[in-house]
Amino acid sequence: MWHEEASSTTLDPRDSAAAPHESAGSPSCRLSEIATGHVAKAARLLNLPEEIAMILGQPKNEIIVNFPVKMDSGSYRLFKGYRVQHNDIMGPYKGGLRYCQNLTLDECKGLALAMTWKSALQSIPFGGGMGGVNFDPTQHSKAEIERITRRFCHALANSVGPEYDIPAPDLGTNGQIMAWFMDTYMNTVDALDKNAVRRIVTGKSPSSGGLPGREAATGYGAVQCIVEWARESRVELTGKTAAIQGFGNVGSYTGKILSKLGLSVVAIGDHRGYIYNPEGLNPHKVAEHVKMTGSVVDYQHGRPISREAFFAVDCDILVPAARELQIGQAEAHLIQARVIAEGANGPTYPEADAILAERGITVLPDILVNSGGVTVSYFEWLQNKCAERWDEDEVLSRLASAMRRTYAEVRAFSSDRKIDLRTAAYALGLLRIQTAYADRGIWP
Ligand code: NAD
């Protein structure tokens, strides 16, 4: 298994006990249904013309590739990869690549749709896409993952491009995987174009043309939302407590930045289990433990707790940063936090949203909270396009102001229309997409 080099590649998604809501049918099916439901609610609010609703109701392209890869043993295995391109009215398709077991086309459809909205909400000139490969990366060596990545890139080559569709890291992928993807793509184009196509992916390591700060960007953006929520709710964050589900890229950076602000992270969980310490867990040390062992379990300063106990933990802030469909009705009744900041995409069922609203628990929605990733991806793309070098202070200060501005816009829209923050975020994104269609018309 490949742990040391890929600290954030820790997932074993369908493992478990840890995903009890799958009884509602295939969870990925529900994900695209749920995302479409959020859009439908926003569309009703805005009286969206029927033809635009029809266009946005389906992705523009759904690509499936099957490709062979040589395993370390010398045998060959066939892998299935996906890329869904939802909409490009605002700019090139943009979205993550997932490496996870049981990845489905439908899951990619739901996530690609959310990306269209996330980019529009942040006023970034990108559309929405999502893809990945259906396999469990924890069961493969680094060399096998490199070959899978290079072969996947090659299989997709005519369907992605630096001005057409730009992948980024997501669940089970990281900067190293983006660097391999970029390198493969660069080596398939004409030599004269090689350096012009670096921006085929974002989320690369800085030495490959990535931005300092990109790795932390999604967590940093999530914390900005928590800070804004605290400011408007007149809550002093120092001394408050947080629980974080998922301790890969998004969860670990959110934890580290929250602890810098003086919060105490009392519970953390991942695909293998949950740990608790009422005195606070050190996110830096837990992240080191994950890097060495692949999980938070067995961290010596935390005692093991059940998944139910994790959701019931007495804390002020809950950050789901693992994967989709984790907060159902049962969890919504257990949660003690005052606010939930959705670092993961689609962690909450609509039925749970209703219970949380009734219980007075604020939900800061995913397309706002985790939009720091795509925002900094856009900066990276611009940096590559202009052959510039941005420094980390510049990246993070531009990210902070983008997050503050978008948070204020969502909050104002929600207050004006007397709607919840999730509907406000979807409606604001939709308003921007609708305006683009109204200006351009539908060709021919
Ligand atoms: P990651 O692979 O780095 O980490 C995922 C974490 O979730 C790991 O700790 C893993 O053990 C845990 N996990 C997986 N399945 C679980 C389960 N069933 N129960 C509990 N924990 C589980 O992934 P990431 O990049 O941090 O992404 C996490 C979430 O954030 C995903 O929903 C992703 O789509 C979303 N997101 C990521 C980014 C980004 O920049 N990486 C940007 C926007 C949104």
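Note that the numbering runs from 1 along the sequence shown for the chain. When a ligand or atom number is given, it counts from 1 through the structure's own listing order. What you see is a predicted model; the values in this text were computed from it and never measured.
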Does R214 have a non-hydrogen atom less than 4.0 Å from ligand 1?
yes
Should the ring pair F152 and Y99 be called parallel, tilted or perpendicular, given that the plane angle runs from 0 to 90° and is split at 30 and 60?
perpendicular
Which one holds for Y274 and ligand 1: side chain close, backbone close, both close, or neither close, with close meaning a heavy atom under 4.0 Å?
side chain
For V250, is at least one N or O under 3.5 Å away from an N or O on ligand 1?
yes
Can you see whether F379 has R398 sitting over its ring - NZ or CZ less than 6.0 Å from the centre and within 45° of the normal?
yes
So, using ring-ring contact (aromatic ring centres under 6.0 Å, His included) as the criterion, who are the partners of F126 when residues are at least two apart?
Y378, W381
Check whether any side-chain heavy atom of L105 lies under 4.5 Å from a side-chain heavy atom of V84, and answer yes or no.
yes
Identify, by atom number and element, the atoms of ligand 1 in contact range of G172, meaning under 4.0 Å from any of its heavy atoms.
2 (O)
Could you list which atoms of ligand 1 come closer than 4.0 Å to a heavy atom of R98?
31 (C), 32 (O), 33 (C), 34 (O)
Option whose closest heavy atom lies nearest to atom 33 (C) of ligand 1, chosen from D366, D170, L171, I367:
D170
Judging by distance only, is a nitrogen or oxygen of K118 under 3.5 angstrom from one on ligand 1?
no
Under 4.0 Å from a heavy atom of G343: which atoms of ligand 1 are those, numbered in the order shown and with their elements?
30 (O), 35 (C), 44 (C)
What about N249: any of its N or O atoms under 3.5 Å from an N or O on ligand 1?
yes
Please state which part of Q245 comes within less than 4.0 Å of ligand 1, counting heavy atoms only: side chain, backbone, both or neither.
side chain
For Y253, is the nearest heavy atom under 4.0 Å from an atom of ligand 1?
no
Does ligand 1 come near enough to G373 that some N or O of the ligand is less than 3.5 Å from an N or O of the residue?
no
Any nitrogen or oxygen of H271, main chain or side chain, under 3.5 Å from a nitrogen or oxygen of ligand 1?
yes
Does a donor on one side chain sit under 3.5 Å from an acceptor on the other, for E62 and Y82?
no
Angle class for the F135/H140 ring planes (parallel below 30°, perpendicular above 60°, tilted otherwise)?
perpendicular
For residues 279-288, which side-chain donor-acceptor pairs fall under 3.5 Å, sequence neighbours excluded?
| residue | atom | partner | partner atom | Å |
| --- | --- | --- | --- | --- |
| N282 | OD1 | H284 | N | 2.9 |
| N282 | OD1 | K285 | N | 3.3 |

Decide whether a cation-pi geometry holds between R77 and F79; the criteria are a distance under 6.0 Å from NZ or CZ to the six-membered ring centre and an angle within 45° of the ring axis.
yes
Considering G346, A344, A322, which one's heavy-atom position lies nearest to atom 28 (C) of ligand 1?
A322
Taking the inter-plane angle between the rings of F310 and Y274 on a 0 to 90° scale, is it parallel (under 30°), tilted (30 to 60°) or perpendicular (over 60°)?
tilted
What part of T218, side chain from CB on, backbone N/CA/C/O, both or neither, has a heavy atom under 4.0 Å from ligand 1?
side chain
Could you check whether D136 and T138, counting side-chain N and O atoms only, form a donor-acceptor pair closer than 3.5 Å?
yes
If we set the cut-off at 4.0 Å for heavy atoms, which region of A321 has an atom near ligand 1: side chain, backbone, both, or neither?
backbone
